[in-house]
Asks: 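One structure coming up, written as C-alpha cells, with questions to follow.
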Amino acid sequence: MIDNPPLTKILPLAWIFVIYEYTIRVSDSVILTPLSLHLQLDIADLSALSSAYYFTYVIFMLPAGILIDKFGLYKTWIYAISLFTSGCAIFAWAPNLNIMIIARILMGIGSNFATVGTLALVIHSKRRGLLIGISLALASFGAFLGQGPWRLLSDLLNSWQTAYWLATAFSFSFLILWIYFGQQSQHLNINVGFKRIFPSLKQLICSPTFILLGFYIGAINSPQSVFSALWGTSFMHTAYSLPFESSAFFISSFSIGSIFGGILLGLIGDLIINKHFKYTPIILCGCGLVSASIISIIINSQISLDLLLFMLFLAGLITNANAIVFAYIGSFFSTLPQATTQASTNMCNMAGGTVLQLLIGMTLAQLTHHQLIEKTTKAEWQTVLYILPSCIVITSLSLLLLYVFQKSSNKKSAS
C-alpha cells in the first residue's frame, strides 16, 4: 500500500501527531459547562476561546505549508510540536480567559503543521486517495478520543486541568520521539524552496476549480468543525434531554462514522480519480446534499435516540467527502509544490468551520442575551444551527457549475 520505504517509517509518527492534535482540538467541547462555571464564561466567551484555536489554525495553515516546502518536515515539526506542548501546559495552568486564549493560539499554530505535513507525505503515492482517507479517518479517531473518552478522563481525574497536564506530558514525550526517529523524514524530498511557491499560490487563487472546491470543502467540513467539535454536545443536552456525559458519547458516534468515512471515501476517491476523474464534482455535489439532509434531520430533533445515533454515524461518514477533495486537488494540481497546495486546501477546509463557529456563537449570544450556555433553549439552538446545512447545499450546487465549466474548457481544448 505504501510505495516508498522511508514513508513507511515516518507515516506512523505522522499519524500519531494527527490523532493527538485532533484529540486536543475538540476536547474543549465536552468541558464547556465546567469552563463556563469555573470562569463565569458566557456563550460569546466560549466561542472566542474555541475560535482562537481555529482562526490561528487557518491563518498559519499556508505559512506552515510554505515552511515545510522550504525547510522540510523534520525541522518544522520540532518547532510545531514544541509550540503545541507549550499551549497544552499553559491551558492547564491558565487562571483566566485571556491566558486560555493565548494557549489555544499556541495550540493552533503548532497543530496546523500536522495535517499539512501528513498530506504532503502521501500525496505522490499511487494510493494517495486511500492514504489521505486513512489520515482523515485517524484524525476522526482523534476527535472521538477528544469527546466521550476525554470527558470520561476528566471526570475520573475529577479535574479537566489534570487531563491537560497529562496531555502535556504525552506531547513532550512525542517531541522526544520525533527528534530521535523523525530524521528519516529528511530522506523524503518534499522541500522545494521558495521560487516555485508564490507562482503556485497565484495559480491556485486564480483557478475557478480551486475556488469553488475551497468553498465546498469549508462547508462540508463544518458539521465536524462546528457541530461535532464545539456546539454538538450542548445542543444534544438541550434538544434531546440527554445528560452531558451521554451527549458527549452520542457525539462520539459522529467521529466513529468519520473514521469509516475517511477510509471508505478514500478508496472511492482513488477509484473516481483514476477512472472517472471528470465526474468528481458531481459526486461531491451528491455527497453534500445527502450530508445537508442528514444534519437537518438531526437539528430538527424529532427522531428517536436509536435513530439519532445512526444519523450521527452517517453524518460523520459522509462529511469526510473532503478526503476526495484533497485527492482531487492534489491530482488536478499535481505539478505544484504539494505541501503548499495541501495547506491551501486545508486552509479552506478549516476556514469555513472557523467562520461559522464564530458566527453561530455570536448569533446565539445575541439571541440569548449573553446568558450561560446551559440556559439556551432548543428553538434558539435550531435557529443558529440550520446555518450549517444551508451553506452545504449552496456550495454543493455550485459544483455543478464547476462540472459545466470544466466540460466547456475540455471542449475548447479539443477543438
Side-chain angles (χ1 to χ4, degrees), residues 26-52 54 97 147-148 150-151 154-155 160 219 222-255 291-316 319 352-393:
V26 306
S27 60
D28 65 321
S29 68
V30 296
I31 58 169
L32 291 182
T33 299
L35 278 176
S36 177
L37 296 174
H38 178 64
L39 295 174
Q40 291 300 297
L41 306 178
D42 63 21
I43 294 172
D45 294 329
L46 294 172
S47 178
L49 178 62
S50 184
S51 296
Y54 287 94
L97 175 62
Q147 291 164 336
W150 189 272
R151 178 65 188 239
S154 298
D155 289 345
W160 60 265
S222 63
Q224 294 188 32
S225 56
V226 179
F227 185 80
S228 174
L230 184 60
W231 302 120
T233 301
S234 298
F235 167 75
M236 305 279 288
H237 169 70
T238 301
Y240 290 92
S241 302
L242 290 169
F244 276 108
E245 292 78 6
S246 299
S247 297
F249 276 99
F250 263 73
I251 288 295
S252 295
S253 67
F254 187 105
S255 299
S291 172
S293 300
I294 295 171
I295 295 298
S296 297
I297 291 170
I298 293 170
I299 295 171
N300 191 41
S301 61
Q302 298 295 319
I303 55 177
S304 67
L305 292 182
D306 289 338
L307 184 55
L308 170 65
L309 203 62
F310 180 64
M311 284 293 180
L312 286 167
F313 176 87
L314 282 182
T319 54
T354 303
V355 172
L356 289 172
Q357 192 180 91
L358 193 59
L359 175 63
I360 286 174
M362 293 172 62
T363 306
L364 199 58
Q366 291 298 318
L367 284 174
T368 60
H369 305 290
H370 294 268
Q371 65 187 7
L372 295 178
I373 193 169
E374 60 266 23
K375 295 182 180 179
T376 306
T377 66
K378 175 181 173 180
E380 289 167 339
W381 275 118
Q382 289 174 325
T383 299
V384 295
L385 288 178
Y386 274 124
I387 294 173
L388 300 181
S390 301
C391 290
I392 295 172
V393 169

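All values reported here derive from a predicted model rather than from experimental measurement.
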Asks: Taking Ser234 for the side chain and Trp231 for the main chain, is one N or O donor matched with an acceptor at less than 3.5 Å?
Replies: no

Asks: Walk me through whether Leu388 and Ile360 qualify under side-chain contact (heavy atoms from CB on, under 4.5 Å).
Replies: CA-CA 9 Å; Leu388 300 181; Ile360 286 174; 4.0 Å; yes

Asks: Could you give me the CA-CA distance, side-chain angles and deciding distance for Asp306 and Phe310, then say whether side-chain contact (heavy atoms from CB on, under 4.5 Å) is met?
Replies: CA-CA 7 Å; Asp306 289 338; Phe310 180 64; over 6 Å; no

Asks: Got a sec, which residues hit side-chain hydrogen bond (donor to acceptor under 3.5 Å, both in side chains) with Ser293, two or more places apart in sequence or on another chain?
Replies: none

Asks: Find the distance between SG (Cys391) and CG (Leu356) and round it off to the nearest 0.5 Å.
Replies: 5.0 Å

Asks: Supply the atom-to-atom distance Leu385 CG to Ser301 OG, rounded to the nearest 0.5 angstrom.
Replies: 10.0 Å

Asks: Can you sort out the partners of Leu97 under side chain to side chain contact (heavy atoms under 4.5 Å, CB included), two or more places apart, ordered by chain and number?
Replies: Leu41, Asp45, Leu49, Ile101

Asks: Would you check, one step at a time, whether the test side-chain contact (heavy atoms from CB on, under 4.5 Å) holds for Tyr240 with Ile303?
Replies: CA-CA 9 Å; Tyr240 290 92; Ile303 55 177; 3.8 Å; yes

Asks: Supply the atom-to-atom distance Thr233 OG1 to Phe249 CZ, rounded to the nearest 0.5 angstrom.
Replies: 11.0 Å

Asks: Minimum heavy-atom separation for Thr238 and Thr376, please, with both atom names.
Replies: CG2-O, 3.4 Å

Asks: Quick one: closest heavy-atom pair of Ala219 and Ile392, and the distance?
Replies: O-CG1, 3.3 Å

Asks: Heavy atoms only: give me the nearest Leu364-Glu380 pair and the separation to one decimal.
Replies: CD1-O, 3.7 Å

Asks: Using the test side-chain hydrogen bond (donor to acceptor under 3.5 Å, both in side chains), find all partners of Ser255 that sit at least two apart in sequence or belong to another chain.
Replies: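 With neighbours one apart ignored, the set is Gln147.
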
Asks: Search all heavy atoms of Leu312 against all heavy atoms of Ile298 and return the closest pair with its distance.
Replies: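 Nearest pair, atom of Leu312 first, then Ile298: CD2-CD1, 3.8 Å.
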
Asks: Taking atom OG of Ser222 and atom CZ of Phe227, what is their separation to the nearest 0.5 Å?
Replies: 11.0 Å

Asks: Any idea how Phe235 and Trp381 line up, ring-wise: parallel (<30°), tilted (30 to 60°), or perpendicular (>60°)?
Replies: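 Rings of Phe235 and Trp381: perpendicular, over 60°.
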
Asks: Please determine whether side-chain contact (heavy atoms from CB on, under 4.5 Å) holds for the pair Trp160 and Asp28, giving the CA-CA distance in whole Å, both sets of side-chain angles, and the decisive distance to 0.1 Å.
Replies: CA-CA 9 Å; Trp160 60 265; Asp28 65 321; over 6 Å; no

Asks: Do you know which two heavy atoms are closest between Phe250 and Leu305, and how far apart they sit?
Replies: CE2-O, 3.6 Å

Asks: Over all heavy atoms of both residues, which pair between Ala315 and Phe254 is shortest? Give the atoms and the distance, please.
Replies: CB-CE1, 3.6 Å

Asks: Supply the atom-to-atom distance Leu359 CG to Ile387 CD1, rounded to the nearest 0.5 angstrom.
Replies: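 Here the rounded value is 4.5 Å.
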
Asks: Between CE of Met311 and CD1 of Ile295, what distance do you get to the nearest 0.5 Å?
Replies: 10.5 Å

